[in-house]
Peer 1: 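One structure is given below, represented as structure tokens, and several questions about it will come after.
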Amino acid sequence: MESETLNKTTTITGAEAVIRCLIDEGVSTFFGYPGGAIMPVYDALYDYQDKIEHILVRHEQGAIHAAEGYARVSDKPGVCMATSGPGATNLITGLADAIADSTPLVCITGQVASSLLGTDAFQETDVIGISTPVTKWNCIVTKAEDIPAALAKAFYIAQSGRPGPVLVDITKDAQFGKMKYEYKKCEALKHYNPTPVLPLEQLKQAAKLINEAQAPYILAGQGILLSGAQNELVAFAEKAGIPVASTLLGLSAFPCDHPLYAGFLGMHGNYAPNLLTNKCDVLIAIGMRFDDRVTGKVDQYAKQATVIHIDIDASELNKIVDTKLPIQADAKEALSALTGLVNKNEHSEWFNRFKAFDQQEKEKVTDKVLFPTEGQLKMAEVVHRLSELTKGEAIIVTDVGQHQMVASRYYRFKKSKSNVTSGGLGTMGFALPAAFGAKLAQPAREVIAIIGDGGFQMTLQELGTIFQYKIPVKIVILNNNFLGMVRQWQQLFFEKRYSFTEMCNPDFVAIAKGYKIEGEKVEQREDLSASLKRLLAAQEAYLLEVVVETEENVFPMVPAGASIDEIRLE
């Protein structure tokens, strides 16, 4: 059908309406896996393959993680599709991941015919009941004529306010039913106010506190990226002369090479930004939620500081940390207004305190892991060399574990929306599908998945998707033959009782070649640079397995349940 007819009122099936709705919402690529209850939609898709690209994954979890990767580096929600029963339940981990990390997704699932609901029919599950705790909104559609309005609402809710995943479950009879098609984008909903009115009086109070501060400190979260406030953050920090530290998901919101960048927060973050949280006098938290990995022991966190917390989600304000000035606002709007209200300032003496602690970390940790001269390769030197070769401009997609923390610490992000990882849920298996999703969203940028040997094996079947669609994503496996992060905890806190964390791994390069993906294995330090250059020079997908130190630990580290003052360098 010609594209100019897509918005005209026409009698079509509900299944075809689903595809038309996606096109009318500007969806160009989505991910999915067909099955009986969603088959009518896939049949309708057959006639629209020149209008919208569908990526056939190898597992529904791959579909939703790919959609997450797509959303995280673009200005669009990720879209995925699955059938009923196990197809729908295989999306649940990804939904939980997306709700934790505020990732906008629209998930469409097929459902058994409405006459069979509640009868325990073949592949029937209560997907609405199961997904309610892990979605921003969900609904079931049982009539064809209700499909456009449901999907319009889904797209609006997923992207507005604090983003998140939504799910629309469509019964098979609704897909077969006939309807008059007309699509109207949703632009408002009764009793739903996703963007709060900018509270200027509160911002004036915040500016007064900031102007009077001697040791102010900015904590930048993912809300900066979600609101597109990267430039506003830089302008605000530069005018007020305030050091900026980043949460895990906030990485790349503020350039790592900026002179005011203080480092990475959290359990395995940098020494100075963690310690000095408990020394600042005004703490300005923007678009972050005071996750336990950032705060450590909450009753000892930033007790000396006047806390200003800016977040678009009112439920996050005063949820974890007592806040002197909670401000519900969009980060971009708030920072733009604050920049006009604060005085031009600099806090060189305060910033020098960061530099002193940075030097301690450099001597005790950083130099040893970035520039070793003997022993096995270390994860940090691999990431550091990769950062140098890509000039900090690649999109880095990490899985979960030691390699994730090392990549977050040592890749020097210089472009925004460059860090894609599973933060709140910590989902192993996330990286490989998220990486090809990100590459499809940003084909002009280098996308590199950095994955541990454990996490890679959770979704390695998605090499088949990369092969089928010839997606030129680069894969680096940091192989220590352990579930490294669990092993580190077992070493430090469980008397080296390595209970079921050692991995007997397959030949990863041979597996990649089985999918017609070139690869190589490197074990020697002198071979590292050349192998990384071959990885980056490849025009197609490429897998590099790097054998790293077996029992390497990641430091600094704040032990679980400890205060951030108890951060350890060794």
Side-chain angles (χ1 to χ4, degrees), residues 97 100-102 217-225 243-254 256 261-280 283-298 300-302 305 307 309 311 316 319-321 354 357-358 360-361 365-366 369 379-380 383 396 398-413 418-428 430 450 452 484-486 488-489 492-493 553-570:
D97 193 90
D101 289 351
S102 303
Y217 187 21
I218 297 170
L219 307 185
Q222 193 191 16
I224 301 293
L225 294 162
V244 179
S246 173
T247 67
L248 173 63
L249 291 178
L251 286 170
S252 81
F254 196 82
C256 287
Y261 183 63
F264 168 46
L265 292 163
M267 178 175 279
H268 291 286
N270 295 114
Y271 196 48
N274 276 304
L275 276 179
L276 291 175
T277 301
N278 281 2
K279 301 297 181 185
C280 66
L283 186 67
I284 310 144
I286 310 165
M288 55 88 73
R289 58 189 178 88
F290 290 111
D291 177 80
D292 61 287
R293 287 300 195 258
V294 166
T295 64
K297 196 172 183 179
V298 178
Q300 295 178 25
Y301 180 81
V307 178
H309 188 184
D311 202 285
E316 293 295 346
K319 185 174 85 174
I320 306 294
V321 172
F354 286 85
F357 285 123
D358 285 343
Q360 290 183 41
E361 182 177 349
V365 179
T366 309
V369 296
M379 292 178 284
V383 173
I396 300 297
T398 54
D399 215 82
V400 174
Q402 286 183 315
H403 71 276
Q404 176 191 34
M405 296 296 99
V406 170
S408 301
R409 285 176 53 79
Y410 297 113
Y411 194 87
R412 303 292 291 173
F413 297 98
S418 295
N419 172 53
V420 180
T421 195
S422 172
L425 195 66
T427 305
M428 291 178 69
F430 172 86
I450 300 178
M485 187 62 81
V486 182
Q488 177 169 337
W489 281 49
L492 297 176
F493 310 117
N553 290 332
V554 183
F555 287 104
M557 179 181 184
V558 180
S563 163
I564 54 173
D565 286 331
E566 299 174 79
I567 187 170
R568 297 168 53 173
L569 285 175
E570 53 192 9

Peer 1: Could you check whether any side-chain N or O of Asp291 sits under 3.5 Å from a backbone N or O of Arg293, counting only pairs where one atom can act as donor and the other as acceptor?
Peer 2: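 A pair under 3.5 Å: yes.
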Peer 1: Nearest 0.5 Å, what's the SG-CG distance between Cys280 and Leu275?
Peer 2: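 Result: 12.0 Å between the selected atoms.
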Peer 1: Minimum heavy-atom separation for Ala100 and Leu425, please, with both atom names.
Peer 2: CB-N, 4.0 Å
Peer 1: How about Asp97 and Ser422: does a side-chain donor come under 3.5 Å of a side-chain acceptor?
Peer 2: yes
Peer 1: Working note: Leu249 + Ser102, criterion side chain to side chain contact (heavy atoms under 4.5 Å, CB included); need CA distance, chi angles, decisive distance, verdict.
Peer 2: CA-CA 10 Å; Leu249 291 178; Ser102 303; over 6 Å; no
Peer 1: Minimum heavy-atom separation for Leu492 and Phe555, please, with both atom names.
Peer 2: CD1-CZ, 4.1 Å
Peer 1: For a quick test of reading the model, state the closest non-hydrogen atom pair linking Ser252 to Ser418 and the distance between them.
Peer 2: OG-N, 3.2 Å
Peer 1: Which distance, rounded to the nearest 0.5 Å, do you find between the CE of Met379 and the NE2 of His403?
Peer 2: 9.5 Å
Peer 1: What I'd like to find out is whether the side chain of Gln360 reaches to under 4.5 Å of the side chain of Pro556, using heavy atoms alone.
Peer 2: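 A side-chain contact under 4.5 Å is absent here.
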Peer 1: Just by modelled atom types, is the Val554 backbone N or O under 3.5 Å from a matching donor or acceptor in the Gln488 side chain?
Peer 2: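 Flag set: sc Gln488 to bb Val554 pair under 3.5 Å.
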Peer 1: What's the separation between atom OG1 in Thr247 and atom CD1 in Ile286, rounded to the nearest 0.5 Å?
Peer 2: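 Between atom OG1 of Thr247 and atom CD1 of Ile286 there are 11.0 Å.
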Peer 1: Looking at Asn274 and Val294, what are the two nearest heavy atoms and their distance?
Peer 2: OD1-O, 4.4 Å
Peer 1: Using modelled atom types only, decide if a donor and an acceptor are shared between the side chain of Asp311 and the backbone of Arg289 within a distance under 3.5 Å.
Peer 2: no
Peer 1: Taking the six-membered ring for Trp, are His309 and Phe290 parallel (under 30°), tilted (30 to 60°) or perpendicular (over 60°)?
Peer 2: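 Perpendicular, since the angle between the ring planes exceeds 60°.
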Peer 1: How close do Gln402 and Met485 get, counting heavy atoms only, and between which atoms?
Peer 2: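 It is CG-N, 3.5 Å.
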Peer 1: Is a side-chain donor or acceptor of Asn419 paired with a backbone partner of Leu248 at a separation under 3.5 angstrom?
Peer 2: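 Flag set: sc Asn419 to bb Leu248 pair under 3.5 Å.
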Peer 1: Could you give the distance from OG1 (Thr421) to CE (Met405), rounded to the nearest 0.5 Å?
Peer 2: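 One gets 6.5 Å once the value is rounded to the nearest 0.5 Å.
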Peer 1: For residues Met428 and Asp399, determine if any side-chain heavy atom of one lies less than 4.5 Å from a side-chain heavy atom of the other.
Peer 2: yes
Peer 1: State, with a plain yes or no, whether a side-chain heavy atom of Val365 is found less than 4.5 Å away from one of Glu570.
Peer 2: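 The answer is no; the side chains never approach within 4.5 Å.
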Peer 1: Which atom pair, heavy atoms only, marks the closest approach of Ile567 to Gly269?
Peer 2: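 Taking Ile567 first and Gly269 second, the nearest heavy atoms are CD1-O, 4.3 Å.
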Peer 1: Just by modelled atom types, is the Ser563 backbone N or O under 3.5 Å from a matching donor or acceptor in the Glu566 side chain?
Peer 2: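 Yes; judged by distance alone, with no hydrogens or angles, the pair exists.
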Peer 1: Applying the side chain to side chain contact (heavy atoms under 4.5 Å, CB included) criterion to Tyr301, which one of Leu283, Asp565, Ile320 satisfies it?
Peer 2: Leu283
Peer 1: Measure the spacing between CZ of Arg412 and CG of Leu251 and express it to the nearest 0.5 Å.
Peer 2: 10.0 Å
Peer 1: Let me see the working for Thr277 and Leu265 under side chain to side chain contact (heavy atoms under 4.5 Å, CB included), right down to the final yes or no.
Peer 2: CA-CA 9 Å; Thr277 301; Leu265 292 163; 4.1 Å; yes
Peer 1: Does a donor on one side chain sit under 3.5 Å from an acceptor on the other, for Asp101 and Gln222?
Peer 2: no
Peer 1: For the pair Val369 and Tyr410, evaluate side chain to side chain contact (heavy atoms under 4.5 Å, CB included) and give the outcome as yes or no after the intermediate values.
Peer 2: CA-CA 10 Å; Val369 296; Tyr410 297 113; 3.5 Å; yes
Peer 1: Are Tyr217 and Phe354, when compared by the centres of their aromatic rings, separated by less than 6.0 Å?
Peer 2: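 They qualify: ring centres under 6.0 Å apart.
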Peer 1: Measuring from Tyr271:OH to Phe357:CZ, what's the distance to the nearest 0.5 Å?
Peer 2: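 The distance works out to 6.0 Å.
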